[in-house]
*Asks:* 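Encoded as structure tokens, here's the structure I'll be asking about.
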Amino acid sequence: MYLMAKYIPVTLFSLRESDATNVVASTYLHPSPFCIKMTLVSLYLQVYGKNEIEDWVSFLKEVPVYIKGSEEVIVNNTMTKIRKFNDKADKADKEAGININSTVSYREFAYLSDSIEIAFDKSIENFNKYEKELKYLLLHVKYFGNRGSFFQWKEFNLIDSEQLPFGYTCKFDNSFDVGRLGLLKRMDDFDEGVTFEALNIYSDTKKSHNRLQNIFVLPYEKQYSSRSYTCYRRRG
């Protein structure tokens, strides 16, 4: 059984892929599991504070998350000017804080034609314990990915089945059905050993063991493309 939350995109969506550089950054076609869980960690801190935050992170890392993207996604290719640190600047300039240069960067912004669905697997042991908090926080999601990629919550549903319907992402592992065609995409999730201190950017704890990279199959096929855009349509 799965708890499904449906969201309607309000603006263009952008979320840099995990292996993107600062200068060249392509976007995912929808939020990744790591992005969704980090959003829920941030909302938990805003609503409940740091009380029992480690238990919340432990719960999230155990919950498998699957996403059903929009029926059609149009990725716009853009070049934009950004500011970045100049590593080759003189020591005096670095100390004075003037070691920042302007440069051109490649960015992608995706138009999502309709709603997205996020499914949480309810089969884990502690799901019922945290289901109320999970629903409450999902209601308060304002954006996924980059700030400005706004979404509006629409509804909750229960998927009373052991297997998700076609259209959701699925892991490319030994249990994968080779008949389900799509795009192979590497997306991050919480690592088994992740803690809040490892996620906290203000902590001195090493951040090397907080992401688990999985290969997912996204049920999309490329319809059209040009120098300026690429259009993807969901299969099924």
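FYI, side chains are in, hydrogens and waters are out, and symmetry mates aren't considered; it's all heavy atoms of this structure.
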*Asks:* Treating Y7 as the side-chain partner and L138 as the backbone partner, does any N or O pair qualify as donor plus acceptor under 3.5 Å?
*Replies:*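 It does hold such a pair.
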*Asks:* Any pair with a residue in residues 146-167 that passes salt bridge (Lys or Arg N to Asp or Glu O under 4.0 Å), sequence neighbours left out, goes on the list, sorted by first then second residue, please.
*Replies:*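 Found K6-E155.
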*Asks:* Could you tell me which non-hydrogen atom of S115 sits nearest to which non-hydrogen atom of P9, and how far apart they are?
*Replies:*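 Closest pair (atom of S115, atom of P9, distance): CA-CD, 4.0 Å.
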*Asks:* Between S113 and E72, is there a donor-acceptor pair closer than 3.5 Å when you use the side chain of the first and the backbone of the second?
*Replies:*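 Yes, the answer is positive, given that a donor and an acceptor are paired below the 3.5 Å cut-off.
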*Asks:* Who are the side-chain hydrogen bond (donor to acceptor under 3.5 Å, both in side chains) partners of N76, not counting sequence neighbours?
*Replies:*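 Listed in chain order: nothing, the list is empty.
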*Asks:* Can you list the steps and then say if K68 with R234 is a side chain to side chain contact (heavy atoms under 4.5 Å, CB included)?
*Replies:* CA-CA 9 Å; K68 183 178 181 180; R234 194 179 68 225; 3.7 Å; yes
*Asks:* Sub-3.5 Å donor-acceptor pair from the side chain of T169 to the main-chain atoms of I67, do we have one?
*Replies:*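 Yes; at least one donor-acceptor contact below 3.5 Å.
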*Asks:* Within this structure, what is the NZ-CZ distance for the pair K37 and F120, rounded to the nearest 0.5 Å?
*Replies:*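 Going from NZ on K37 over to CZ on F120, the span is 8.5 Å.
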*Asks:* With a 4.5 Å heavy-atom cut-off, do F34 and V65 have their side chains touching?
*Replies:*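 Contact flag for F34/V65 side chains = no.
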*Asks:* Say you draw a straight line from CD of E62 to OH of Y130; how long is it, rounded to the nearest 0.5 Å?
*Replies:*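 Rounded to the nearest 0.5 Å, the CD-OH separation comes out at 11.0 Å.
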*Asks:* Do the side chains of Y106 and I74 join up, straight or via other hydrophobic residues, at under 4.5 Å, putting them in one cluster?
*Replies:*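 They do not share one cluster, since no chain of ILVMFWY contacts under 4.5 Å joins Y106 to I74.
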*Asks:* Out of curiosity, does L137 fall in the hydrophobic cluster containing F144 (side-chain heavy atoms, cut-off under 4.5 Å, transitive links)?
*Replies:*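 Same cluster: F144 reaches L137 through Ile, Leu, Val, Met, Phe, Trp or Tyr contacts under 4.5 Å.
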*Asks:* Test side chain to side chain contact (heavy atoms under 4.5 Å, CB included) on L134 and L3; report intermediate values, then the result.
*Replies:* CA-CA 10 Å; L134 178 61; L3 171 67; 4.0 Å; yes
*Asks:* Checking the side chain of T39 only, and the main-chain atoms of C35 only, is there a donor and an acceptor separated by less than 3.5 Å?
*Replies:*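 Confirmed, T39 side chain pairs with C35 backbone.
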*Asks:* With the side chain counted from C-beta on, respond yes when K50 and F196 share a heavy-atom pair under 4.5 Å apart, and no when they do not.
*Replies:*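 A side-chain contact under 4.5 Å exists here.
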*Asks:* More than 12 non-hydrogen atoms from neighbouring residues, nucleotides or ligands closer than 6.0 Å to CZ on F156, yes or no?
*Replies:*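 Result for CZ/F156: enclosed.
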*Asks:* Go through the structure and list residues passing ring pair (Phe, Tyr, Trp, His ring centres under 6.0 Å) with Y111, not counting sequence neighbours.
*Replies:*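 Expected list: none.
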*Asks:* Looking only at atom types and distance, does a side-chain atom of S14 sit under 3.5 Å from a main-chain N or O of E108, one as donor and one as acceptor?
*Replies:*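 Flag set: sc S14 to bb E108 pair under 3.5 Å.
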*Asks:* Tell me who clusters with F150, hydrophobic residues only, linked when side chains sit under 4.5 Å apart either directly or through other members.
*Replies:*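 Via sub-4.5 Å side-chain contacts, F150 links to V10, Y143.
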*Asks:* Would E197 and E54 satisfy side chain to side chain contact (heavy atoms under 4.5 Å, CB included), going step by step from the backbone distance to the final call?
*Replies:* CA-CA 9 Å; E197 288 303 313; E54 288 291 358; 4.1 Å; yes
*Asks:* Which atoms form the tightest heavy-atom contact between N77 and R227, and what is the distance?
*Replies:*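 Heavy-atom minimum between the residues: ND2-O, 3.2 Å.
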*Asks:* Is it true that Y224 and L183 fall in one hydrophobic cluster, defined by side-chain heavy atoms closer than 4.5 Å?
*Replies:*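 In one cluster with Y224: L183, no.
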*Asks:* Nearest 0.5 angstrom please: Y44 OH to E52 CD, how far?
*Replies:*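 CD of E52 is found 5.0 Å from OH of Y44.
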*Asks:* Output the distance between atom CG (L43) and atom CG (L139), rounded to the nearest 0.5 Å.
*Replies:*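 If we round to the nearest 0.5 Å, L43:CG and L139:CG are 10.5 Å apart.
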*Asks:* If you link I, L, V, M, F, W and Y whenever their side-chain heavy atoms are under 4.5 Å apart, who else ends up in the same group as Y168?
*Replies:*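 Its cluster partners, ordered by chain and number, are Y2, M4, Y66, I159, L164.
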*Asks:* What donor-acceptor contacts under 3.5 angstrom involve side-chain atoms of residues 122-129, with partners at least two apart or in another chain?
*Replies:*
{"residue": "K122", "atom": "NZ", "partner": "E131", "partner atom": "OE2", "Å": "3.4"}
{"residue": "S123", "atom": "OG", "partner": "D121", "partner atom": "OD1", "Å": "2.8"}
{"residue": "S123", "atom": "OG", "partner": "D121", "partner atom": "OD2", "Å": "3.3"}

*Asks:* Assess whether side-chain hydrogen bond (donor to acceptor under 3.5 Å, both in side chains) is satisfied between S42 and Q46, documenting all intermediate values.
*Replies:* CA-CA 6 Å; S42 176; Q46 295 174 42; 3.1 Å; yes
*Asks:* Can you say whether the rings of Y220 and H30 are parallel (under 30°), tilted (30 to 60°) or perpendicular (over 60°)?
*Replies:*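 Geometry flag for H30 against Y220: tilted rings.
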*Asks:* Just jot down the salt bridge (Lys or Arg N to Asp or Glu O under 4.0 Å) partners of K185, sequence neighbours excluded, or say none.
*Replies:*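 Here the qualifying residues are E17.
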*Asks:* Starting from the C-alpha separation in whole Å, work towards a yes-or-no answer on salt bridge (Lys or Arg N to Asp or Glu O under 4.0 Å) for K61 and D191.
*Replies:* CA-CA 7 Å; K61 73 181 180 183; D191 187 78; over 6 Å; no
*Asks:* Taking C-beta and beyond as the side chain, do M38 and L199 meet within less than 4.5 Å on heavy atoms?
*Replies:*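 They are in contact (side-chain heavy atoms under 4.5 Å apart), so the answer is yes.
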*Asks:* Not counting sequence neighbours, which residues clear salt bridge (Lys or Arg N to Asp or Glu O under 4.0 Å) with E221? List them please.
*Replies:*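 In terms of salt bridge (Lys or Arg N to Asp or Glu O under 4.0 Å), with neighbours along the sequence ignored, E221 is linked to R235.
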*Asks:* Test of understanding: with ring pair (Phe, Tyr, Trp, His ring centres under 6.0 Å), list the residues that count as partners of Y229, not counting sequence neighbours.
*Replies:*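 Partners of Y229 under the ring pair (Phe, Tyr, Trp, His ring centres under 6.0 Å) test: none.
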*Asks:* Provide the closest heavy-atom pair for L15 versus P31 in the form atom of the first, atom of the second, distance.
*Replies:*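 Here L15 and P31 meet closest at CD2-CA, 4.1 Å.
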*Asks:* Could you tell me which residues satisfy salt bridge (Lys or Arg N to Asp or Glu O under 4.0 Å) with K142, sequence neighbours excluded, listed by chain and number?
*Replies:*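 Result, salt bridge (Lys or Arg N to Asp or Glu O under 4.0 Å) vs K142: none returned.
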*Asks:* Could you tell me which non-hydrogen atom of L40 sits nearest to which non-hydrogen atom of W56, and how far apart they are?
*Replies:*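 Looking at all heavy atoms of both residues, the closest pair is O-NE1, 3.4 Å.
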*Asks:* Name all residues meeting the side-chain hydrogen bond (donor to acceptor under 3.5 Å, both in side chains) criterion together with N214; count only those two or more places apart in sequence or in a different chain, and write none if there are none.
*Replies:*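 For N214 there are no side-chain hydrogen bond (donor to acceptor under 3.5 Å, both in side chains) partners, ignoring immediate neighbours.
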*Asks:* With side chains defined as the heavy atoms from C-beta onward, is the minimum distance between I36 and I118 less than 4.5 Å?
*Replies:*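 Answer yes - side chains close enough.
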*Asks:* Can you check whether D114's main-chain N or O pairs, donor with acceptor, with S70's side chain at less than 3.5 Å?
*Replies:*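 Judged by distance alone, yes, a pair lies under 3.5 Å.
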*Asks:* Would you check if V57 and T195 make a side-chain contact, meaning some heavy-atom pair closer than 4.5 Å?
*Replies:*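 They are not in contact (no side-chain heavy atoms under 4.5 Å apart), so the answer is no.
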*Asks:* Going by the rule salt bridge (Lys or Arg N to Asp or Glu O under 4.0 Å), which residues pair with E71 if we only count those two or more places apart in sequence or in a different chain?
*Replies:*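 So E71 forms a salt bridge (Lys or Arg N to Asp or Glu O under 4.0 Å) with R233.
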*Asks:* Is T11 reaching over with its side chain to a backbone N or O of G148, donor-acceptor style, under 3.5 angstrom?
*Replies:*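 Yes, the answer is positive, given that a donor and an acceptor are paired below the 3.5 Å cut-off.
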*Asks:* Looking only at non-hydrogen atoms, find the nearest pair between K222 and Y232 and report the distance.
*Replies:*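 For K222 and Y232, the tightest heavy-atom pair comes out as CA-CD2, 4.1 Å.
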*Asks:* Determine yes or no for a side-chain-to-main-chain donor-acceptor pair under 3.5 angstrom, with T230 supplying the side chain and V75 the backbone.
*Replies:*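 Not a single qualifying donor-acceptor pair exists.
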*Asks:* Is there a side-chain contact between S149 and L12 (heavy atoms, below 4.5 Å)?
*Replies:*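 SC-SC contact between S149 and L12 ruled out.
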*Asks:* May I ask you to test the Q213-M187 pair for a side-chain heavy-atom distance under 4.5 Å?
*Replies:*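 Side chain of Q213 against side chain of M187, heavy atoms only: no contact under 4.5 Å found.
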*Asks:* Check whether any side-chain heavy atom of I8 sits under 4.5 Å from a side-chain heavy atom of W153, and report yes or no.
*Replies:*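 Answer no - side chains too far apart.
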